[in-house]
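Here the structure comes first, spelled out in structure tokens, and everything after it is commentary.
All values below were derived from every heavy atom in this structure, side-chain atoms included, with hydrogens, water molecules and symmetry-related copies excluded.
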2 protein chains.
Amino acid sequence: MLTQTQISSASFKQPTSRNLPPAGDHALGTIELMGTPMSFSRNAEIYGENEPADYLYKVISGTVRTYKILADGRRQIGAFHMPGDIFGLEAGDSHTFSAEAIADSKVLVIKRSALVALAARDNDVARQLWTLTGRELHRVQDHMMLLIKTAQERVASFLLEMADRASASAAVDLPMSRQDIADYLGLTIETISRTLTQLESDAAIELPTSRRIVLRNRPALNRLNA
Amino acid sequence: MLTQTQISSASFKQPTSRNLPPAGDHALGTIELMGTPMSFSRNAEIYGENEPADYLYKVISGTVRTYKILADGRRQIGAFHMPGDIFGLEAGDSHTFSAEAIADSKVLVIKRSALVALAARDNDVARQLWTLTGRELHRVQDHMMLLIKTAQERVASFLLEMADRASASAAVDLPMSRQDIADYLGLTIETISRTLTQLESDAAIELPTSRRIVLRNRPALNRLNA
DNA sequence: CGACCATTTGATATGGATCAAGCGATGTGG
DNA sequence: CCACATCGCTTGATCCATATCAAATGGTCG
């Protein structure tokens, strides 16, 4: 369900052949051309688990979380998607997770059927769909490996992951709350907080504010990364 | 590295066009036609993590485990593959897990390059590769959700999963050891053993032998499945 | 029968959860 | 512009599920 901004189906532009990049071009370019920009405000739902996966999305600005809620209310966050990331692409026909904007976000909304139809004609696009799913598989496998580690290891891995993605030297501005981090790592907010405090007193990181983290000793964090 | 049985590259048969099923056929049929049967004895390595993913595999008989070893020796089993299952298919070019036969096993070995080449011409095959990777993605997502649950829930989910796959009414013959189960569920063998004993005294299951498990009360197990 | 390996069972330790305050920043209404 | 309510985060005290360490049991194969 699209709560904040409704998609009117008329608003989707059909790709025209003159929009297509020359064959042999990296097909990701093709994908982007087929999207409509949309805005979601903080905590707005982008789609829900089990809804038909008619669209896929590319983050332009902001951050998106995908998650599942278990019967008893526990929430597991599957991923944080940042600018440039594609999410919501399914090989099957419904979404396996829900998606929400963590902060006000802008995303490109891309019609899946158009892409799938294109893939039937264009080999490059077909391969690109496969590659994207393969990349996602790899990401989930890594995430699964995280969940068998200790709290320190999970938090260290998380910080390194965020730092790598931000590509901003050693300081990271986290867009998500402690609760989001906890649900991503399978821990509680108290454990996240204590572990960060611990890492700070070990001089591995600095915490100028609760959302800003400076990596002071990457080798130490990498050692915890196991 | 293929420790028990060596693949001689000459032994692979190239698919010929007369082997291809008619267009529109479910492409899985195509995939199987391209394979060479091979045997692996108990505990034999089929491939190792990070090795080039030149082949994919389909289990004919026996069971295969895929796994990763962390720096400190912890092992995480990613999946158990049983007859009919395809494993070792990668969208990238190297294996992200290692694979070993749990019991003496026969697998069909399929050359990836042949399949990828075929996919470039045959849309159905391309779509099938995508679907297989998508199915695997879904499986790993479910597995990840397991790892945030309690021991009882994990074991109950595991038993139900095995029972569904065996499709043999209510009795399951486990091909794997307690250690394998433990490494799949992110628990220790002692916890597996205690949890099974507990489920038995709760009359949810029966344990005629350590490898044979009879599901006595599926609703109860499903309730634990959360 | 005896050795070996897998499994179970028992006793204890511990990492992270839970329960409960305190604290600091942010925003709102008077 | 300040007083206060709110919310997110941290810190403290205690509990508990699962790990760890250790021993007994059982099943399998020479």
Checklist entry - Under 3.5 Å, is there an N or O donor on one side and an acceptor on the other linking the side chain of A:E190 and the base of C:dC19? => result yes
Next on the checklist: Can you say whether a donor on the side chain of A:R194 sits under 3.5 Å from an acceptor on the base of D:dG12, or the other way round?
Outcome noted: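 Result: at least one qualifying N/O pair found.
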Checklist entry - Under 4.0 Å between a side-chain N/O of B:T188 and OP1 or OP2 of D:dA19, yes or no? => result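 Answer is yes, contact under 4.0 Å.
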Checklist entry - Are B:R154 and D:dT18 close enough that a side-chain N or O sits under 4.0 Å from OP1 or OP2? => result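 Result: no.
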Could you check how far [atom1] of [X] sits from [atom2] of [N], rounded to whole Å?
X	N	atom1	atom2	result
B:M176	C:dT7	CE	P	11 Å
B:Q179	C:dA6	CD	C1'	10 Å
A:L207	D:dG8	CG	P	18 Å

Taking only the side-chain heavy atoms of [X] (C-beta and beyond), determine which of [options] contains the nearest atom.
X	options	value
B:T191	D:dT18, D:dT10, C:dT7	D:dT18
A:T197	D:dT10, C:dG16, D:dC9	D:dT10
A:S193	C:dT18, C:dT8, D:dC9	D:dC9

Next on the checklist: Please list, in numerical order, the residues of residues 63-71 of chain B that have a heavy atom closer than 4.0 Å to any atom of DNA chain D.
Outcome noted: none
Next on the checklist: For the aromatic rings, using the six-membered ring if either is Trp, is the centroid distance between B:Y57 and B:Y47 under 6.0 Å?
Outcome noted: yes
Checklist entry - What is the nucleic acid contact for A:L187, judged by heavy atoms within less than 4.0 Å: base, sugar-phosphate only, or nothing? => result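 It contacts sugar-phosphate atoms only.
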Checklist entry - Per the ring-ring contact (aromatic ring centres under 6.0 Å, His included) rule, which among B:F87, B:Y67, B:Y184 passes with B:F80? => result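 Single ring-ring contact (aromatic ring centres under 6.0 Å, His included) partner of B:F80 among B:F87, B:Y67, B:Y184: B:Y184.
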